[in-house]
Amino acid sequence: MLYREAGQFKTSYQADQAAFPIFQDQLAVWAILAVAFIGVPLVGNDFFLNSIMIPFLIFALASVGLNILTGYAGQLSLGTGAFMGVGAYACYKLTTIFPDVNIVIMIVASGFFSAGIGMIFGLPSLRIKGFYLVVTTLAAQFFLEWCFIRIAWLYNYNPSGAIEVPQREAFGVILTGASATPVTRYLLVLSIVVVMTWIAFNIIRGRIGRSWMMIRDMDIAAELMGVKPLNAKLSAFAVSSFYCGVAGAMMVFFWLGAAEVESFDVNHSFLILFMVILGGLGSIKGAFMGAAFIWILPILIRAAPGWIGIEVQAATVEHLNFMLIGGLIIFFLIIEPHGLARLWSIGKQKLRVWPFPY
Amino acid sequence: MNVHSQAAAAQSDDGIALGADLLHVDNISLSFGGVKAIQDVSFDIRKGEIRAIIGPNGAGKTSMLNVINGFYHPQEGIISFKGRERRRMRPYEAAAQGIARTFQNVALFTGMTTLENIMAGRSLKMHRNFFWQMLYRGPALNEEMEHRRVVEEIIDFLEIEAIRKTPVGQLPYGLQKRVELGRALAMEPTLLLLDEPMAGMNLEEKEDMSRYVLDVNSQLGTTIALIEHDMGVVMDLADRVMVLDYGKKIADGTPDEVQANQAVIDAYLGVPH
Ligand SMILES: Nc1ncnc2c1ncn2[C@@H]1O[C@H](COP(=O)(O)OP(=O)(O)OP(=O)(O)O)[C@@H](O)[C@H]1O
Ligand SMILES: [Mg+2]
C-alpha cells in the first residue's frame with residue numbers, strides 16, 4: 001500500500017519523462033545516495049571499502065559502459081578488458097608526464113584515449129555484425145594486450161612490466177598511492193561513478209540513446225529515419241569505451257595500486273559481460289545489480305560457511321562459485337534475457353497492485 | 001550552407017504546386033542476379049495525390065519503393081524528386097529530403113515503446129549536441145519536450161494513447177501497423193510510401209487505417225504512394241493507379257480506367273502470357 005503512484009498525476013510531459021517519475025522511487029534514489037556518501041564511509045571498515053565497495057563500483061561503471069555498447073546499441077564486444085587497460089595505461093602515462101595535474105582530471109582524460117581506440121576498433125561494425133564482430137573485438141583484445149606487454153614505453157620501461165601508481169595529492173589530501181585512505185579512494189570512485197551514471201542515463205533517454213536503440217532493433221528502419229549507422233555505431237563505441245577506460249584507470253589508481261597486463265585480460269572482458277547479462281541488457285540499473293551480484297556473491301560464499309562453523313576448502317568454494325554463476329547466466333539467457341533488472345521491475349509491478357493479484 | 005538550414009530547406013515548402021510532379025521515375029531497371037525485379041518502368045507522382053501501386057505477388061512493387069527511398073540502387077534509370085535528379089542515394093538522404101515509409105513486414109523498433117518509436121521518427125529534426133544531451137537540461141530538454149508535443153498529437157490522431165508506454169513488440173499486428181504509420185508521420189514527410197498498410201487486418205481495422213490515410217492526405221497535404229492488394233480499398237482511396245506485373249508496367253490511370261483494362265484483368269486472373 002505504501003508503494004503507489006495513485007494521486008501522482010503528471011502535469012507535464014517533462015514530469016512524465018523524468019528519470020524516476022514515481023515519488024517513492026525518487027526518495028529511494030536519494031536514500032541510496034545518502035547511505036553511499038555518508039553511511040558507508042562512517043561505518044564501513046577497510047575490508048568492506050577495499051574489497052567490496054570500491055571494486056563493485058568500478059565494475060559497475062565498466063558494466064554501464066559495456067551495456068551502452070551491447071545492451072543499447074546492440075554491438076557485442078569482448079574487448080572490454082583491453083579498453084579498460086587503455087584507460088589505465090593512458091592515465092599512468094599522463095600522470096607521469098604531467099605529475100602536477102590533478103589526478104581526477106587525468107582519470108577523466110584517459111577516458112578519451114580509450115574512446116579513440118574504441119572507435120578505431122568499432123569501425124569493422126559498419127560492415128560486419130554478430131559473431132564476426134565479436135571475433136574482431138576479440139582480436140582487438142589480444143592486440144592491445146600485446147601492446148601492453150611489448151611497448152615498454154607504456155609502463156615507463158619498468159623491468160617488472162607493471163605500472164605502479166605514484167602518490168598524487170590535491171588540496172593537501174593524498175588521493176592515490178599506498179598512503180591514500182580507503183575512505184578517500186572510495187569517495188572519489190563513488191563521485192565519479194555517480195556523475196557518469198547520471199550522464200549515461202541522460203544520453204540514453206535523449207536523441208543519441210534513441211539512435212543507438214534504433215540501430216540495435218532495426219537498422220534499415222533507423223537509416224530511413226535519418227540515423228546514420230556510422231554515427232550511431234561509432235558514438236556507441238566511443239562512449240562505451242570512454243566508460244570502460246575511466247573504470248580501468250580507477251581500477252588501477254584507486255583499487256589495485258599496481259597492475260600489469262593480467263588485470264586487463266580477456267577474463268575481465270567476460271567478467272563484465274556476465275555482469276551485463278546477469279543484470280539485464282539495456283538497463284543501467286541492471287549493470288549495478290549484475291556487478292553487485294557477481295562481485296559480492298563469491299565473497300559471501302567464501303565467508304558464509306565460516307559463520308555457521310563449517311570448514312570448506314577454498315577450492316570447493318571456487319567451484320561452487322563458478323557453477324552458480326554459470327548456471328545463473330544460462331538461466332537468464334534462456335528464461336529472462338532482461339536479467340535482474342526485469343525481475344526487479346516485475347516485483348515492483350506486483351508491489352504496486354498489492355494486495356490484489358492484478 | 002550549414003546542416004541546419006539545409007534540413008530546413010528540405011522540409012520547407014518546395015515550391016511545387018499542387019498537382020505538379022513531385023517525383024519522376026524514368027526508365028528504371030533493377031535486377032538481382034538473374035531476377036529482373038523491375039524492367040524499364042517510368043511513372044510519376046503528383047503533389048497532393050494518393051497514388052496506388054498494385055500488381056500480383058512478386059510484381060516488383062516493394063522493389064519500386066525500395067528504389068525510391070534509396071535501399072536499392074537500380075542498374076538503369078533516373079529518379080528526380082522535387083525537381084532534383086539523382087542516380088544513387090542513401091536511405092538517410094532520402095529521409096532528409098522528405099521521404100518516409102512503412103514496411104510490408106512491420107519494421108518497428110521492437111525493444112522500444114510506442115512513444116519512443118514515434119519519437120524516433122523525429123530524429124532528423126533534433127539537433128542538440130552531445131554536451132546538452134549529456135545534461136538532459138536546457139536546450140536538450142526543451143527540444144525533447146517540443147517534439148514530445150508533436151508526438152502526442154500524432155498519438156491522439158491515431159488513437160493509440162493507451163499503448164503509449166507499451167514496448168511495441170508486445171502489441172498485436174494491427175496496432176503495430178498503426179504505430180509504424182505514426183512513426184512515419186512523425187517525420188512530417190512530403191512523400192509517404194505505404195507498403196500494404198492494411199495487410200492482415202480485419203475489416204474494422206482496415207476502415208480505420210483507410211480513414212487515417214485519407215486524413216493524412218487531406219489534412220496534412222501529404223502526398224502518398226500506396227501498395228495495396230485489397231481492390232476495394234484501392235478504388236476508394238487512390239487518385240491514380242499504376243499496375244505492375246512481372247516487373248513491367250502494364251497499366252496506369254484512374255481507378256476506373258485501370259479496372260476496365262484487359263491486361264490488368266488478365267494479370268490478375270493469371271492468363272498466361
Ligand atoms: N533483395 C532481393 N534479392 C533478390 N531478389 C529480390 C530482392 N528483393 C526482391 N527480389 C525479387 O524481386 C521480385 C519482386 O519482388 P517484390 O518484393 O518487389 O515484389 P512485390 O510486388 O512487393 O510482391 P508482394 O506482393 O509479394 O509483396 C521478386 O521476384 C523477388 O524475389
Ligand atoms: Mg511487396
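Chain A is the first sequence line, chain B the second, and so forth, proteins listed ahead of strands; every chain is numbered from 1. This one's a predicted model, so the numbers in the text were calculated from it and none came from an experiment.
Neither the backbone nor the side chain of B/Asn66 has a heavy atom closer than 4.5 Å to any heavy atom of chain A. Of the two parts of B/Ala120, the backbone and the side chain both hold a non-hydrogen atom closer than 4.5 Å to a non-hydrogen atom of chain A. In this structure, no portion of A/Ala200 lies under 4.5 Å from any heavy atom of chain B. Heavy atoms of B/Leu108 lying under 4.5 Å from chain A belong exclusively to its backbone. Residue B/Ala94: no heavy atom, backbone or side chain, is found under 4.5 Å from chain A. Residue A/Ile204: no heavy atom, backbone or side chain, is found under 4.5 Å from chain B. With a 4.5 Å cut-off on non-hydrogen atoms, B/Arg149 touches chain A through its backbone and its side chain both. Heavy atoms closer than 4.5 Å to chain A are found in the side chain of B/Phe71, but not in its backbone.
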Yes or no on side chain to side chain contact (heavy atoms under 4.5 Å, CB included) for A/Ile199 and B/Tyr136, after CA distance, side-chain angles and deciding distance?
CA-CA 8 Å; A/Ile199 289 174; B/Tyr136 203 74; over 6 Å; no
Could you go through the side chain to side chain contact (heavy atoms under 4.5 Å, CB included) check for A/Leu224 and B/Arg101 one step at a time?
CA-CA 8 Å; A/Leu224 201 77; B/Arg101 79 174 278 186; 3.0 Å; yes
Candidate pair A/Arg207 and B/Arg122, rule side chain to side chain contact (heavy atoms under 4.5 Å, CB included), full reasoning
CA-CA 9 Å; A/Arg207 167 177 64 86; B/Arg122 305 294 293 175; over 6 Å; no
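For the pair B/Thr110/A/Met218, no side-chain contact is recorded, criterion being any heavy-atom separation below 4.5 Å from C-beta on. Residues B/Arg90 and A/Lys228 fail the side-chain proximity criterion, which asks for heavy atoms closer than 4.5 Å. A 4.5 Å side-chain heavy-atom check between B/Met134 and A/Asn202 finds every atom pair outside the cut-off.
Taking both residues in full, the closest heavy atoms of A/Val227 and B/Tyr92 are given as O-CD2, 4.3 Å, listed atom of the first, atom of the second, then distance. Considering all non-hydrogen atoms of both residues, A/Glu223 and B/Pro91 come closest at OE2-CD, 3.4 Å.
For A/Phe131, the CZ atom sits in a loose shell: 12 or fewer heavy atoms of surrounding residues, nucleotides or ligands are nearer than 6.0 Å. More than 12 heavy-atom neighbours from other residues, nucleotides or ligands sit within 6.0 angstrom of CH2 on A/Trp198.
Relative to the ring axis of B/Phe109, A/Arg216 does not place its NZ or CZ within 45° and under 6.0 Å from the centre.
Atom CZ of A/Arg205 is separated from atom CD of B/Gln133 by 11.0 Å, given to the nearest 0.5 angstrom.
Between A/Arg210 and B/Glu144 a salt bridge is recorded (basic side-chain N to carboxylate O distance below 4.0 Å).
Ranked by heavy-atom pairs under 4.5 Å with chain B, the first of A/Ala222, A/Pro229, A/Ala221, A/Ser235 is A/Ala221.
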